[in-house]
Amino acid sequence: MDLTLAQRLESVLERIAEAAARSGRSAGDVTLIGVSKTVDRATVDAAYALGLRHFGENRVQDCIEKFATPLPEDATLHEIGQLQTNKAKQAVRLFDVIHSVDRPSLVDALEKAAGQAGKRVGVLVQVNVAGEDQKAGCEPAEAAGLIEAIEASSSLDLLGLMTMAPLVATAEEARPVFAGLRELRDRLATETGAPLPWLSMGMTNDFEAAIEEGATHVRVGRAIFA
Ligand SMILES: *Cc1c(COP(=O)(O)O)cnc(C)c1O
């Protein structure tokens, strides 16, 4: 029997609460971002009706029509995919938070677009902790420079760091990547003085390990919407 959306959502929330408890935190310390990139707007709205308030998308182009009617005020739309600078204007209009800031030119483009739109946008620095076969994210050594650029901007709010584990990794293989992002955050917070409260890490295959390693935001698609 196929599970319903409500059952899948409930099961993910239970697993989040259990993983949070194992790491000595409460479920409320971890925010579930439902990655709705593979489903239509009606399914997004159904998940909202079930209580989900954070949605993640990866392609600006797909979102223009999908979110032509904005989500209700209390929902947050997150851009989690790679972002081209020529999409900055549309991205700022559509999204509340952008997780994929990985180069100075993108900081500049977002700052300019947010300034023109008169809007504040939350941003995370995406770091390629895993190395190898990952295209997205800055090198760990580049993160401090990006943090300083964001801190110097006037329309971008620096929230923290984001990473992706290698797609083929098991949860246990991904765990050192998550621990690595947490350690990098602790070091950068000391070095730069920026608090970096958000750690956006963990997807369907590995979100429990990510929570055990300190994730504050998990990005889960298939386990909810598949
Ligand atoms: C698609 C995607 C996710 C969700 O992946 P699932 O395996 O479906 O949970 C999370 N983060 C990013 C950046 C993605 O592109």
Side-chain angles (χ1 to χ4, degrees), residues 2-3 5 7-16 18-19 30-41 43-44 46-47 50 52-63 66-67 76-84 87 91 94-103 106 110 121-138 143 146 159-175 177-178 180-182 198-226:
D2 279 356
L3 296 176
L5 178 62
Q7 288 168 325
R8 290 191 303 257
L9 183 56
E10 168 142 0
S11 157
V12 169
L13 288 170
E14 266 170 30
R15 289 167 61 190
I16 288 172
E18 285 163 12
V30 181
T31 300
L32 171 61
I33 300 172
V35 177
S36 49
K37 64 191 182 193
T38 60
V39 296
D40 61 12
R41 178 59 191 267
T43 308
V44 170
L50 291 166
L52 191 63
R53 289 293 178 269
H54 293 262
F55 297 88
E57 291 280 339
N58 68 339
R59 296 192 56 219
V60 172
Q61 204 59 37
D62 294 346
C63 292
K66 191 168 176 179
F67 297 97
T76 303
L77 193 58
H78 300 255
E79 165 64 293
I80 61 173
Q82 273 183 287
L83 188 56
Q84 293 172 295
K87 296 268 170 32
L94 284 161
F95 297 102
D96 306 295
V97 181
I98 295 173
H99 290 233
S100 48
V101 176
D102 62 357
R103 56 198 190 281
L106 186 55
L110 291 171
V121 180
V123 298
L124 290 86
V125 173
Q126 183 175 356
V127 186
N128 180 359
V129 176
E132 22 144 352
D133 65 65
Q134 293 263 338
K135 310 172 265 10
C138 70
L146 289 170
L159 298 175
L161 303 182
M162 181 272 223
T163 200
M164 276 180 85
L167 288 177
V168 293
T170 65
E172 288 317 308
E173 286 164 351
R175 189 182 290 275
V177 173
F178 301 143
L181 191 70
R182 185 195 63 231
W198 289 28
L199 285 177
S200 166
M201 55 190 194
M203 322 198 323
T204 290
N205 284 344
D206 51 28
F207 69 88
E208 287 148 309
I211 291 168
E212 287 164 13
E213 297 303 330
T216 62
H217 292 71
V218 292
R219 309 179 308 267
V220 179
R222 286 168 299 139
I224 300 170
F225 293 113

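We count ligands from 1, going down the list as the structure has it; atoms in each ligand are counted the same way.
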Original post:
Roughly how far, to the nearest 0.5 Å, is CZ of Phe67 from CD of Glu57?
Top reply: 4.5 Å

**OP:** Could you tell me if any non-hydrogen atom of Asn205 lies under 4.0 Å from any atom of ligand 1?
**Re:** no

**OP:** Return the residue, atom name and 0.1 Å-rounded distance of the protein heavy atom closest to atom 12 (C) of ligand 1.
**Re:** Ile80 CD1, 3.4 Å

Subject >> Ligand-side contact atoms (ligand 1) for residue partner Val220, heavy atom cut-off under 4.0 Å >> reply: 9 (O)

Original post:
Picking from Leu13, Thr204, Leu32, Val35, what satisfies side chain to side chain contact (heavy atoms under 4.5 Å, CB included) with Ile224?
Top reply: Leu32

Original post:
Going by the atom numbers of ligand 1, which of them fall below 4.0 Å from some non-hydrogen atom of Lys37?
Top reply: 1 (C), 2 (C), 3 (C), 14 (C), 15 (O)

Original post:
Within the side chain of Glu212, is there an N or O that forms a donor-acceptor pair under 3.5 Å with the backbone of Ala209?
Top reply: no

Original post:
Would Arg175 and Glu172 satisfy salt bridge (charged side-chain N to carboxylate O under 4.0 Å, His left out), going step by step from the backbone distance to the final call?
Top reply: CA-CA 5 Å; Arg175 189 182 290 275; Glu172 288 317 308; 2.8 Å; yes

Original post:
What is the minimum heavy-atom distance between Phe55 and Ile33, and which atoms define it?
Top reply: C-CG2, 3.7 Å

Original post:
Which of the atoms of ligand 1 are close to Arg219, meaning less than 4.0 Å from one of its heavy atoms?
Top reply: 4 (C), 9 (O), 10 (C), 11 (N), 12 (C), 13 (C)

Original post:
With under 30° as parallel and over 60° as perpendicular, where do the rings of His217 and His78 fit, or are they tilted in between?
Top reply: tilted

**OP:** Identify the protein heavy atom lying closest to atom 10 (C) of ligand 1, giving its residue, its atom name and the separation to 0.1 Å.
**Re:** Met203 SD, 3.1 Å

Original post:
In terms of atom number and element, which parts of ligand 1 are under 4.0 angstrom from non-hydrogen atoms of Thr204?
Top reply: 6 (P), 7 (O), 8 (O), 9 (O)

Subject >> Closest protein heavy atom to atom 7 (O) of ligand 1, given as residue, atom name and distance to 0.1 Å >> reply: Arg222 NH2, 2.8 Å

